[in-house]
Visitor: 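One structure is given below, represented as structure tokens, and several questions about it will come after.
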There are 2 protein chains.
Amino acid sequence: MQRARPPHAIVQVTADLVILTVRDGQLQVLLIERGNEPFKGCLALPGGFLRDGEDLDTAARRELLGETGIGGTHIPHLEQLRVYSAPDRDPRGRVVTVAYLALAPNLPLPTASTDAVAAAWTSAGPLLHSPGQLAFDHDQILADTVEHSRAKLEHTTLAASFCPPEFTIGDLMHIYEAVWDQQLDLRNFYRKVSQTEGFIVPTGRKRAPDTGRPATLYRRGPAQVLHPPMLRNPRTGRVRPSQ
Amino acid sequence: MQRARPPHAIVQVTADLVILTVRDGQLQVLLIERGNEPFKGCLALPGGFLRDGEDLDTAARRELLGETGIGGTHIPHLEQLRVYSAPDRDPRGRVVTVAYLALAPNLPLPTASTDAVAAAWTSAGPLLHSPGQLAFDHDQILADTVEHSRAKLEHTTLAASFCPPEFTIGDLMHIYEAVWDQQLDLRNFYRKVSQTEGFIVPTGRKRAPDTGRPATLYRRGPAQVLHPPMLRNPRTGRVRPSQ
DNA sequence: ACAATAGTGTCTGTAAGACAGTATTCT
DNA sequence: AGAATACTGTCTTACAGACACTATTGT
């Protein structure tokens, strides 16, 4: 059998998870400390190999549940992003990875698993501003994913996926502020969110803060897209009203 | 070596191309008639296997050039979309495919290649309305890609990638109309497109139609995103002014 | 003159940016 | 009463939808 054309690459495929949440007003990402070579001891995105008979969405859900315990009952948003396929991106051989974005509400710290020494929420901001801290090409994957999320908040109702089942309009605005790293005007946000049919629906319940008037609790509405979109402000900076 | 955990899947990877253009006022896609099994004789998207030492973007460009002759000098827009990984999607074995979107101006019919009996532009509309005509899961890939393109025209300057280097504002509007399958008002389109900084720049030249006033020719500007976006009209139908 | 395409101007409605003011709770 | 948070209303500006009108070509 002669080599008339170059050989097809034989590869292994991993699904790597970018699990984002908002904690303490910051966008945070779940990172593990790798327990095996390569990059043993380095920070990395959780992930794992595609198995026989399984598609990538299934692999991603399996890893999400296995490495973090998330997804047993109430599966959050899980979305395939893109493929990273540089031939030398993994020293073990030809491994292409498919990045997945998972959005979770503020959850308790996840448990460590076999493959990872520890898993912890880490602020995304510093990782974006000074890359080089993550294994493989995970810096790039993280940066691409965060920008994707930011853009997606503009024209979908995805922000509610960062929230627990019941949330206030203030909670929802804090999601936008953390992901966009930008201050918003709560009063205009009220108007936008309530006028958008099907974005949020009131539950009738209220939640009292430490001090101040109790806020109405909402849950997600059926709408998936925002018409018209809620745009990040590209030109003028914003000032928080009450300070 | 015992089998403590399920085996990692060993896969081959293909890059499949969704090459779109606008011809005769219609959105058209380049399809090949398959020359080999499986699906011999069926219509399919062009594509091919990832090779050793090559990343997927390179493979996609290679296929684009090889199967269509496009991309030698002036490479059009080429963008990775998503992965299709159902375990049974290819009867030859475990093959996952990465879909790529390529946008081309109205070009002469491509030449047939070794792997494909023939390649031809085909109207996308009928394929979308009555699926089941394409090999593998290419119906799904095409549908996903067209919707992606439609959405992307809203907030990027991508439409200009469907145009030759010099084009009129009328040409550009016909792109939007063909991709969105929606009529637009040329006069409002003028305003939108000229007020958007960096979308198009006049060349100084003009192009005379068969009859009527010659139109100013433009080329692409540096802008990549549209602020604010140009939205498809989600509620009201539109009426073409001059008929 | 007329048809045909290119391009400008104007009116109007919708929605976003800015921000004053009112409401409801706790201490 | 005062502080803190929740929420409503109003003014203004930006921009899209609709459409009248002018400009420049060929026949």
Visitor: Could one point to a donor on the side chain of A:R191 or the base of D:dG9 with an acceptor on the other under 3.5 Å away?
Guide: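 No, no donor-acceptor pair under 3.5 Å.
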
Visitor: Does the plane of the ring in A:W180 sit parallel, tilted or perpendicular to the ring in A:Y176? Use 30° and 60° as the thresholds.
Guide: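 Judged by the thresholds at 30° and 60°, the geometry between A:W180 and A:Y176 is perpendicular.
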
Visitor: Rounded to whole angstrom units, what separation is found between the CG atom of A:L217 and the C1' atom of C:dT25?
Guide: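 Roughly 15 Å, once rounded to whole Å.
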
Visitor: Look at the side chain of B:Y190 and decide which nucleotide, out of C:dA6, D:dT25, D:dC11, has an atom nearest to it.
Guide: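 When the side chain of B:Y190 is considered, C:dA6 is the closest of C:dA6, D:dT25, D:dC11.
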
Visitor: Distance check, rounded to the nearest 0.5 Å: A:L226 atom CG versus A:K152 atom NZ?
Guide: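 So the CG of A:L226 and the NZ of A:K152 are separated by 12.5 Å.
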
Visitor: Round to a whole Å and report the spacing from CG of B:L231 to C1' of D:dG17.
Guide: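 Rounding to the nearest Å, CG of B:L231 and C1' of D:dG17 are 13 Å apart.
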
Visitor: When you check the phosphate oxygens OP1 and OP2 of C:dA16, does a side-chain N or O of A:K192 lie under 4.0 Å from one of them?
Guide: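 Yes, such a contact exists.
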
Visitor: Pairing donors with acceptors under 3.5 angstrom, does anything connect the side chains of B:D144 and B:Y84?
Guide: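 Present: a donor and an acceptor within the cut-off.
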
Visitor: Ignoring backbone atoms, test whether A:T216 places a side-chain nitrogen or oxygen under 4.0 Å from the OP1 or OP2 oxygen of D:dC7.
Guide: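 Result: yes.
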
Visitor: In whole Å, I'd like the distance from the CG atom of A:D185 to the P atom of D:dT5.
Guide: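 Distance, rounded to whole Å: 16 Å.
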
Visitor: State whether the distance check finds a donor on one side and an acceptor on the other, under 3.5 Å, for side chain B:R187 versus base D:dA20.
Guide: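 Between D:dA20 and B:R187, which were checked side chain against base, a qualifying N/O pair under 3.5 Å is present.
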
Visitor: Please tell me if the side chains of B:V29 and B:L27 come closer than 4.5 Å, counting only heavy atoms from C-beta onward.
Guide: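 Side-chain contact under 4.5 Å: no.
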
Visitor: Taking the minimum atom-to-atom distance to the side chain of B:A215, which one of D:dT10, C:dA6, C:dT25 wins?
Guide: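 Nearest to the side chain of B:A215 among the choices is C:dA6.
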
Visitor: Send over the distance from B:D210 CG to D:dG26 P, rounded to a whole Å.
Guide: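 Value for this atom pair: 11 Å.
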
Visitor: Using the side-chain heavy atoms of B:N188, tell me which of these nucleotides is nearest: D:dT10, D:dT8, D:dA18.
Guide: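 So the nucleotide nearest the side chain must be D:dA18.
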
Visitor: What nucleotide among C:dT25, C:dA6, D:dC11 has an atom nearest to a side-chain atom of A:T211?
Guide: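 Nearest to the side-chain atoms of A:T211, counting from C-beta on, is C:dT25.
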
Visitor: Is there side-chain contact between B:H155 and B:V225, with heavy atoms separated by less than 4.5 Å?
Guide: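 A side-chain contact is absent here, since even the closest heavy-atom pair is not under 4.5 Å.
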
Visitor: Rounded off to whole Å, could you give me the CG-to-P distance for the B:L184 and C:dG7 pair?
Guide: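 Spelled out: CG on B:L184 to P on C:dG7 is 17 Å.
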
Visitor: Pick the closest DNA chain C nucleotide for B:P214 and for A:P214 by heavy atoms, then say which residue is nearer the 5' end.
Guide: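 First, find each residue's nearest nucleotide; the 5'-ward one identifies B:P214.
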
Visitor: Figure out the NZ/P separation between A:K206 and C:dA23, and round it to whole Å.
Guide: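 It is 14 Å, rounded to the nearest whole Å.
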
Visitor: Rounded to the Å, how far apart are B:Q183 CD and D:dG17 P?
Guide: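 That distance rounds to 14 Å.
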
Visitor: Rounded to whole Å, how long is the line connecting atom CZ of B:R232 with atom C1' of D:dA16?
Guide: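 It is 17 Å, rounded to the nearest whole Å.
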
Visitor: Which nucleotide sits closest to the side chain of B:L186: D:dA16, D:dT25, C:dA6?
Guide: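 That would be C:dA6.
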
